[in-house]
Amino acid sequence: MSHPFLIIAALVLLIRLGLWLNKHRTAPTSRGVPAPGLVPRAELVEVGSEPSDPVAQAALDAARAGNWRPAAAYLSDGDGDWNTRYSRLDPFGDLAATDDTWLLRWREEQPDNPEAAQVQTDALVKRAWEIRTSQYASQVTREQAMGFHQVLQEAAEVSYEAVRLAPAGDPNAWVMQQPIAMGQGWSHERYRALWSEIVAREPHHYGAHAAALQYWCEKWRGSHELMHEFVDKAIAGAPTGSLLTVLKLRAYWEQVLRDESAAPLYRSAEYTAALDAALADLEAADPAHPGIVPARGWIAHGLIENGRPAQALNLFRRMGREIAGPWLYYGNPAAVFDAARTKAARAAA
């Protein structure tokens with residue numbers, strides 16, 4: 001006869017095995033098949049890497065072929081919508097950072113074109129960071145540091161020209177100076193003067209605020225206190241639907257990133273309130289807002305960290321193929337993003 005202890009042990013193992021099988025049988029992605037409404041992991045792309053606008057794609061294709069005119073027409077479209085016009089510059093800056101033949105021809109034929117000067121500023125900034133790499137300062141070689149500062153100074157010179165050429169009301173030439181300010185270590189006084197130029201033209205510029213948060217965070221030129229002070233002031237004066245409430249979630253993420261002991265903040269009443277405010281802001285935002293996909297990403301991450309993963313599933317569905325939010329900062333964005341989607345799908349099952 002079997003020993004009673006062995007029988008009990010066998011029953012415990014069977015129960016545990018049954019629980020494990022049940023958990024993995026109900027997991028929507030347990031066999032690599034995504035939950036309904038989620039695209040397969042192999043189809044995921046980083047937000048902004050593929051223009052969703054066919055006009056933008058056609059302009060990029062033309063630029064690659066040496067024809068700058070479609071880009072000029074596309075980038076000058078949308079009077080007064082400075083958020084959208086700013087977001088349109090990014091893929092052209094990416095292209096010019098690796099091949100600026102078309103851009104140099106554009107600048108030669110239209111030397112006073114403000115969008116061309118802004119694209120060139122962006123391209124030089126990106127080229128400078130490509131030289132430096134994303135390594136910590138202690139891991140950057142002397143040659144890399146010298147090249148970085150040399151090209152960044154070239155970007156600064158072009159940015160001053162872009163400011164001179166900018167039409168009245170256009171904040172984007174000043175917005176383009178923000179990464180230069182961070183890289184060159186502008187003082188708080190000088191940065192605040194730059195910021196005043198931006199908000200005088202567009203007080204709720206989404207891209208400008210996202211960049212300013214980086215300047216004021218501890219890893220750059222500020223501190224946790226200065227970062228939260230900036231964010232709270234920005235949110236207090238922002239209209240519903242501006243998506244600036246998402247800055248608070250990003251600020252908490254920056255804080256936890258620097259101090260892992262701060263992780264309990266994600267379950268605090270303050271974070272929960274910030275998350276709920278961001279959800280309401282997202283609901284009121286224009287679907288065409290250039291920051292809406294990043295906002296969904298940050299809010300989805302916040303819901304998971306706040307212990308509400310099931311609520312994030314619909315946001316992941318609406319994001320489609322695009323990876324956005326803090327997952328972009330990981331070595332393998334698709335893997336960590338997919339793991340987060342899986343957690344949300346399991347919680348909602």
Side-chain angles (χ1 to χ4, degrees), residues 45-130 151 154-180 194 197-202 204-211 243 286-294 322:
V45 297
E46 295 184 17
V47 64
S49 62
E50 294 183 356
S52 56
D53 184 350
V55 178
Q57 188 59 62
L60 282 167
D61 292 341
R64 290 190 185 95
N67 181 6
W68 54 268
R69 294 185 184 280
Y74 177 72
L75 294 176
S76 65
D77 186 33
D79 284 343
D81 186 357
W82 303 116
N83 271 297
T84 297
R85 289 181 65 165
Y86 176 76
S87 69
R88 288 181 173 188
L89 292 163
D90 189 56
F92 294 91
D94 286 342
L95 176 60
T98 57
D99 177 12
D100 62 359
T101 306
W102 62 278
L103 176 59
L104 295 178
R105 187 175 296 129
W106 182 11
R107 296 234 59 201
E108 181 181 357
E109 295 188 36
Q110 291 189 337
D112 294 333
N113 186 285
E115 288 79 35
Q118 290 172 25
V119 171
Q120 189 174 25
T121 301
D122 187 40
L124 287 167
V125 167
K126 288 171 175 174
R127 196 174 293 168
W129 282 102
E130 183 70 22
V151 177
E154 291 177 28
E157 297 297 332
V158 176
S159 79
Y160 305 145
E161 184 182 5
V163 163
R164 179 180 63 81
L165 296 173
D170 183 355
N172 290 332
W174 282 268
V175 176
M176 288 288 179
Q177 290 186 333
Q178 289 180 280
I180 298 170
L194 169 63
E197 296 286 356
I198 295 171
V199 296
R201 292 163 174 80
E202 176 49 76
H204 312 299
H205 195 293
Y206 183 86
H209 280 81
L243 297 180
D286 184 342
H289 191 300
I292 201 156
V293 176
E322 295 183 290

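Hydrogens, waters and symmetry mates are skipped; everything else that's a heavy atom, side chains included, is used. Counting from 1, the numbers follow the sequence of the chain as shown.
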For Asn113 against Leu165, the heavy-atom pair lying closest together
O-CD1, 4.0 Å
Output all residues satisfying ring-ring contact (aromatic ring centres under 6.0 Å, His included) with His204, sequence neighbours left out; order by chain, then residue number.
none
Where do Pro91 and Ser87 come nearest, in terms of heavy atoms and distance?
CD-O, 3.9 Å
How would you list, by chain and number, every residue that makes a side-chain hydrogen bond (donor to acceptor under 3.5 Å, both in side chains) with Thr84, sequence neighbours excluded?
Asp81
Less than 4.5 Å apart, side chain to side chain, heavy atoms only: is that true for Thr121 and Ile180?
yes
Taking all heavy atoms of Ala208 and all of Val175, pick out the closest pair and write down the distance.
CB-CG2, 3.8 Å
Is Trp102 close to Val119 at the side-chain level, that is, under 4.5 Å between some pair of heavy atoms?
yes
Determine whether Ile198 and Gln178 make a side-chain contact, defined as any pair of heavy atoms from C-beta on separated by less than 4.5 Å.
yes
Between Tyr86 and Glu202, is there a side-chain heavy-atom distance shorter than 4.5 Å?
no
Sorted by chain and residue number, the side-chain hydrogen bond (donor to acceptor under 3.5 Å, both in side chains) partners of Thr101 (sequence neighbours excluded) come out as Asp99
Measure from the side-chain N and O atoms of Gln120 to the backbone N and O of Leu103, and report whether any donor-acceptor pair falls under 3.5 Å.
no
Kindly write out the residues that satisfy salt bridge (Lys or Arg N to Asp or Glu O under 4.0 Å) with Arg105, not counting sequence neighbours, or none if the list is empty.
none
Does the Lys126 side chain pair with the main chain of Leu95, one donor and one acceptor, at a distance under 3.5 Å?
no
Partner of Met176 under side-chain contact (heavy atoms from CB on, under 4.5 Å), picked from Val125, Val158, Leu89, is Leu89
Find out whether Glu161 and Arg107 are in side-chain contact, i.e. whether some heavy atom of one side chain is under 4.5 Å from a heavy atom of the other.
yes
Could you go through Ser76 and Glu115, starting from their C-alpha distance and side-chain angles, then the distance that decides it, and tell me whether this counts as side-chain hydrogen bond (donor to acceptor under 3.5 Å, both in side chains)?
CA-CA 7 Å; Ser76 65; Glu115 288 79 35; 5.2 Å; no
With distance as the sole criterion, is a donor-acceptor pair present between the side chains of Asp61 and Gln57 under 3.5 Å?
yes
Over all atoms of both residues, closest heavy-atom pair of Asp122 and Gly93:
OD2-CA, 3.4 Å
Qualifying residues under side chain to side chain contact (heavy atoms under 4.5 Å, CB included), relative to Ala128, sequence neighbours excluded
Phe148, Val151, Leu152
Taken in chain and number order and not counting sequence neighbours, the residues that satisfy side chain to side chain contact (heavy atoms under 4.5 Å, CB included) with Pro167 are Pro114, Asp170
Quick check: does any side chain N or O of Asn83 sit under 3.5 Å from a backbone N or O of Tyr206, one acting as donor and the other as acceptor?
yes
Rounding to 0.5 Å, atoms CZ (Phe92) and CH2 (Trp68) come to a distance of 13.5 Å
Write down the atom of Gln177, the atom of Ser159, and the distance for their closest heavy-atom approach.
NE2-OG, 3.1 Å
Quick check for you: to the nearest 0.5 Å, what is the distance between Trp82 atom CH2 and His205 atom NE2?
9.5 Å
Closest non-hydrogen atoms of Gly169 and Pro171, given as atom of the first, atom of the second and distance, are O-CD, 3.2 Å
Trp174: what forms a ring-ring contact (aromatic ring centres under 6.0 Å, His included) with it, not counting sequence neighbours?
none
Check for a donor-acceptor pair, side chain of Trp106 on one end and backbone N or O of Ala63 on the other, with a separation under 3.5 Å.
no
Could you pull out all residues at least two apart from Arg127 that satisfy salt bridge (Lys or Arg N to Asp or Glu O under 4.0 Å)?
Asp100
Salt bridge (Lys or Arg N to Asp or Glu O under 4.0 Å) involving Asp53 - partner list, sequence neighbours excluded:
none
Applying side-chain hydrogen bond (donor to acceptor under 3.5 Å, both in side chains) to Glu154 and not counting sequence neighbours gives none
What residues, two or more places apart in sequence or in another chain, satisfy side-chain hydrogen bond (donor to acceptor under 3.5 Å, both in side chains) together with Glu130?
none
Residues in salt bridge (Lys or Arg N to Asp or Glu O under 4.0 Å) with Asp286, at least two apart?
none
